[in-house]
Structures are given as structure tokens and as C-alpha cells.
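Reading through the C-alpha cells given below for one structure.
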Amino acid sequence: MSVLFFIALFVGALLLGACQHSEPRAVAALRDDFGAPVTVTAAPRRIVSLNPTTTEVLFAIGAGPRVVGRSMYDAFPESALAVPSLGAALRPNVEAIIGAKPDLVLLYASQDNRPAAERLRQAGIATAALRIDSIAQFERDTRLIGRLTGDAARADAVVDSVRATLDRVRAATSSLPRPTVFFHTWDRPLITIGGGSFLSQLVDIAGGRNVYGDLPGPSGIVTVEDVVRRNPDYILASPITAANVRADPRWQAVPAVRAGHVLVFDTTIVGRPSVTLGAAARSLADLLHPGAVR
Amino acid sequence: MSPARWALLALALIGVSLLAIAVGTIAVPISAIWDALRGTGDTQLTYVVRALRLPRVVLASLVGVGLGMSGAALQGTMRNPLAEPYLLGVSGGAAVGAVLAQAAGVAGALLPLAAFVGAIVAVLAAFVVAHAAGARGDPRVLLMAGVVVGAFANAAIMVVLANAEPNTVRNALWWMMGSVSEAAWPQIVVLLGYLLVGGGALVALGREIDVLALGEEAAAGLGLEVDAAVRRVFLVASLLAAATVAAAGLVGFVGLVVPHIARAFGIRKHRPLLLASALVGATLVVSADLLGRILRPPAELPLGAVTALVGVPFFLAKLRRLT
């Protein structure tokens with residue numbers, strides 16, 4: 001009798017505890033790229049996104065009208081520019097974010113953003129720090145954002161469409177010879193992309209090979225002399241850096257530059273690991289293998 | 001100093017320069033250097049030597065000449081072994097100019113000019129502060145004024161960089177660490193002009209520096225207008241340093257340590273000391289740039305840091321020999 005009584009009490013307490021735990025009920029409970037739990041209790045109505053990629057993803061999955069704050073760098077799609085800028089994307093102004101009264105904040109998962117993420121959580125705001133540097137991370141985090149905002153189906157559709165385009169480009173270039181490519185991203189110091197970058201993956205899919213694919217990180221500092229030694233077939237550069245490369249006597253030491261093999265990529269498509277990944281791969285393939293992708 | 005020692009200093013510079021042209025990610029055989037310079041050898045090696053290595057070596061040696069001479073003149077004039085070309089706010093002022101140019105997005109071609117103007121403005125500000133303190137040519141007051149102007153410049157840099165884009169911060173830091181990796185002939189010709197005029201002026205002032213080095217009272221007793229002489233040396237030395245900063249960013253340590261190394265050869269008079277400091281400075285910066293290029297490929301180490309890494313052991317060895 002007394003044993004049964006205690007068991008009943010115990011089970012009751014458990015049930016009660018469980019009820020208290022699930023009240024209010026979480027719509028989505030996930031972990032972000034810092035490993036921190038992110039729990040939203042209803043589909044967020046006011047979203048702050050401080051990363052060009054996540055902002056573009058939010059607009060692509062139909063959550064754009066609910067974005068109430070962006071970083072100064074978030075310029076895509078064009079309608080995102082109508083959203084008030086809250087300033088920096090790294091070490092952001094936490095007060096400005098809280099002032100926008102968000103119920104979900106998306107940050108780039110850089111160590112610089114750990115303190116801000118911590119303070120936003122303490123303020124009771126669901127915060128997800130996402131590190132989107134590669135194609136796989138784009139796919140995973142786009143799905144994650146979709147689940148957080150309640151747009152999972154459209155997020156899946158976006159991921160599938162990007163993947164389909166990437167597959168089409170890969171198939172079109174897979175049997176072609178693979179020219180080596182130096183991807184120029186910054187002048188002072190000279191910075192290129194390493195194997196850890198989505199851009200290196202895109203070069204691969206577009207039927208090229210990054211001469212610095214052996215650098216483990218997303219990017220690395222290199223020298224013109226070392227570019228000479230690795231002797232790429234093509235230089236990929238933005239319109240501005242391409243003009244600098246063509247005019248700078250130092251770059252004449254690189255055979256590809258002397259041969260006029262400086263290709264200019266479209267900075268509005270190539271440059272962020274976002275919903276334009278498919279279009280970016282296609283535009284790079286059009287540069288490296290004109291006419292190969294139909 | 002004996003002719004043999006002068007020859008030794010000159011040979012060291014020539015040897016290090018040849019090595020710097022030959023060694024790197026792409027090896028250029030010493031025997032191929034002459035052909036590459038004349039453009040008669042292998043095309044690729046010609047490009048490597050003419051477009052990449054030679055401008056670097058020349059710019060590095062000119063930067064070393066300017067900083068070495070500037071340091072020797074200042075240390076003599078101030079009778080202070082810690083005096084160096086960046087003292088009067090040259091580095092701080094140049095950095096403010098460079099950072100403002102980068103933040104305004106007009107870097108590129110205008111950056112050297114902005115750095116140069118910043119350096120000159122800072123030096124003039126130091127003179128104004130010293131003047132306001134009532135001691136126009138007192139080296140100690142000028143030193144204090146330089147430190148104050150430098151601290152102000154540092155604060156200004158932090159204010160600008162605190163709100164700057166990450167790209168601006170990266171560019172500014174890169175510039176502040178010093179580099180000759182972007183050496184180009186037009187910029188080398190400009191620096192050479194400044195060195196000929198400024199270095200020539202310092203050598204001409206060599207006797208005055210000798211007198212100033214005896215101490216103010218002794219100098220005044222010998223009939224020298226001390227205040228005016230001090231200001232002349234300071235202005236020319238700062239101009240030299242500003243010209244090097246405009247061409248290669250902040251290259252620390254050279255102006256401080258090179259005169260000591262030159263003096264360790266037993267030179268006391270300032271005309272030979274200025275010339276020896278020019279040779280030692282050039283050798284130090286060319287070797288530092290060479291090491292910075294080959295220590296951690298494919299990246300490059302910042303020149304300003306490597307000059308200290310190379311200079312300290314050299315300095316210590318000379319110091320031991322002196323004591």
C-alpha cells in the first residue's frame with residue numbers, strides 16, 4: 001500500500017515536472033554552431049539577422065517581411081536594404097539589437113560574436129550563431145533557419161534547387177580538362193581562398209582546380225612569388241582587383257597574367273555562401289569553360 | 001675606421017642583396033642573375049628578378065639607409081642612445097594619415113602621400129608643443145613633445161579603427177607592420193630623391209652634430225647656435241624617416257639599433273657614422289625582408305617584426321664585444 005502510494009507520488013511528480021518543462025511548448029529546439037541550444041516557442045515575428053548570408057536566406061524562404069534588423073553589410077536581396085541596419089556583424093551593438101525587440105537573432109558564429117550571443121540569450125532572446133563557410137554548412141543551416149522560423153518546407157525547396165543547379169554544373173564540367181585557378185580575394189596583404197572555403201568548392205564544381213586548395217582554412221595570406229611558382233592557368237578576380245593585377249608590374253611575373261588569363265567574376269553572385277551558390281558555380285563555369293553548361 | 005672595414009660593410013650589403021635576389025620560393029641561380037637583369041636569360045627568371053626581387057631589394061636597402069642615417073643623427077644630437085626616427089611623432093602621425101586614407105577608401109596611390117603628410121604634420125605639431133613649452137630647441141622638451149604627439153596619434157588611430165570595417169582594420173594593421181612587398185620603381189625613385197637631399201643634408205650637418213654631441217654648453221661655447229642647429233637636424237631626420245614610412249610603412253627597430261652597431265665599429269665622428277649607419281641599415285632591412293619571405297611560405301612575415309628578430313642578436317653580439 002505505502003509502496004504503491006509512493007510510486008504514484010513519484011510518477012505524479014514526474015508528470016508534473018514534464019508538464020512544467022514543456023510549458024510553454026517549444027516550436028523548435030535546436031543547437032547552433034556554438035553548440036548552444038536555440039529554442040523558439042512560436043514562429044518568430046521579429047527577426048534580426050547580422051550576416052549577409054542568413055539575411056539572404058531569410059528572404060529566400062519567405063521570412064523577409066519579418067526581418068526587422070540587419071548588419072550594414074547585408075545588401076542582398078535588394079529588398080533587404082529597406083530593413084534598418086543595426087551596424088556591425090562582428091562584435092555587434094547588443095543594445096541596438098535588443099532595441100529592435102527581436103524574438104530571434106541570427107549571428108555569424110565567429111569567436112568575436114560569443115559575448116554578444118551570450119548577452120542576447122541572457123536577455124531572453126532566442127539566438128543562433130551560425131557558421132556558414134561551406135556548401136554543406138549552407139545546406140544544413142538553411143534547413144535549420146527554416147525550422148526556427150517555421151518555413152521548413154520552403155527552406156528545403158531552396159536547398160534542393162541550389163543542389164540541383166550545382167549538380168547540373170558539376171555534370172557538365174566533369175569530363176572536361178581542369179585548368180588551375182588562382183582566386184584573388186584581397187590585395188594588402190595578398191589573400192586567396194583555401195580548401196576550406198565554399199569558393200574552392202565552387203571552383204571545383206565549375207571544372208577548375210584551386211592552386212591553393214591545400215591551404216586548410218577558408219583563406220590564407222600568400223605572395224605573388226608563390227603564385228608564380230604554383231603557376232595557375234587562370235586568375236579569378238573581382239573587377240577592381242583584376243584591373244589592379246593587369247596594371248601592376250609585379251603581376252607580370254605570373255605567366256597567366258602575361259597571357260591575359262585574368263577572368264573577372266560577378267561580385268553580386270560570387271562571394272557569399274548563400275542562395276546564389278548554384279548561379280555562382282554556373283557563372284564560374286561559364287568563365288572557365290564557356291558554353292559547357294547549357 | 002679602416003678602409004678594410006668599410007669594404008667589409010659594403011661587401012656585406014652586396015652579398016646579402018645578391019642572396020635576396022637569388023633565394024625565395026623560386027630559386028634563381030647566382031650565375032643567372034646577371035642574365036636576368038639584362039633580360040637575356042630565361043624569360044620566367046627575368047620576370048621574377050626584374051618585377052619581384054630587384055625592386056624589393058632596392059626599396060628595402062633605401063628604407064634601411066633612411067632609417068639608419070636618421071637614427072644616427074638623432075642619437076648624436078640628443079646625446080641619447082634611445083633616440084630614434086619615430087620619436088618625434090613620425091610613426092604616429094604617418095599611421096594616422098594612412099589609417100584615415102584607408103578609412104576614407106582612398107588608399108592605393110594616395111596612401112604614401114597621406115602617410116607622409118601625417119608624419120610631417122605630427123613633427124610640426126611636436127615643434128609647436130615644444131615652442132609653447134618655451135624651449136624651442138631643447139632636445140629633452142622636443143622628446144617630450146614627440147611622445148605627447150605620438151600618444152595623441154595613437155588615440156586618434158584607435159578612435160578611427162574602433163568603428164572601422166574589418167577590411168579597413170586589416171589594411172591598417174598590415175600597413176603598420178611595414179612591408180616592401182609592393183615595391184615599384186616610381187615609389188623607389190621618389191624615396192631615392194628624398195634620401196639624396198635629406199641624407200646629403202645630414203652629412204653636411206655632420207660637423208654640427210659632432211659639436212652638439214659634446215653637450216649644449218660646450219656647443220654654445222664653441223659658438224654654435226644650439227637651438228637652431230638642433231631643430232635643423234630634427235627636421236631633416238624626421239623628413240627622412242617620413243619618406244621611408246610613406247614608401248614601406250612602419251619598420252621599427254632599424255633607426256634605434258643601427259647607429260649602435262655602426263658605433264661598435266669604433267666610429268665616433270658623425271659624417272662617417274652616418275655613412276656607416278646607411279650601409280648597416282640597408283644590410284639589416286634587406287636581410288630582414290629576405291628572412292620574412294622564406295621563413296614561413298607561402299605567407300610572409302611582417303618586415304617590421306623581422307627587423308627586430310634579426311637586429312636583436314646582432315645588437316647583443318656587438319654589445320658583448322664592447323663590454
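Lettering follows sequence order; numbering is per chain, from 1. Values in this document were obtained by computation on a predicted structure and should not be read as measured data.
- Salt-bridge check for A/D204 with A/R209: failed, with every basic side-chain N at 4.0 Å or more from each acidic carboxylate O.
- In this structure, the side chains of B/T43 and A/P255 stay at 4.5 Å or more apart for every pair of heavy atoms.
- The residue among B/R293, B/R170, B/E300 with the most heavy atom pairs within less than 4.5 Å of chain A is B/R170.
- Within a 6.0 Å sphere centred on CZ of A/F265, other residues, nucleotides and ligands contribute more than 12 heavy atoms.
- Interface remark: A/P189 contributes backbone and side-chain atoms alike to the contact with chain B (heavy atom separation under 4.5 Å).
- For chain B, the nearby part of A/R258 is the side chain; its heavy atoms alone come within less than 4.5 Å.
- Within the 4.5 angstrom heavy-atom criterion, no atom of B/R50 approaches chain A.
- A/S49 and A/T55 share a side-chain donor-acceptor pair at under 3.5 Å.
- For chain A, the option among B/A184, B/A299, B/P55 with the highest count of heavy-atom pairs below 4.5 Å is B/A299.
- Formation of a donor-acceptor pair under 3.5 Å by the B/T283 side chain with backbone atoms of B/G281 is not found in this model.
- Looking at B/I26, the atoms closer than 4.5 Å to chain A (heavy atoms on both sides) sit in the backbone and in the side chain alike.
- Under the 30°/60° scheme for interplanar angles, the aromatic rings of A/W251 and A/H184 are found to be tilted.
- Ranked by heavy-atom pairs shorter than 4.5 Å toward chain B, the options A/T223, A/L190, A/N244, A/V224 are led by A/T223.
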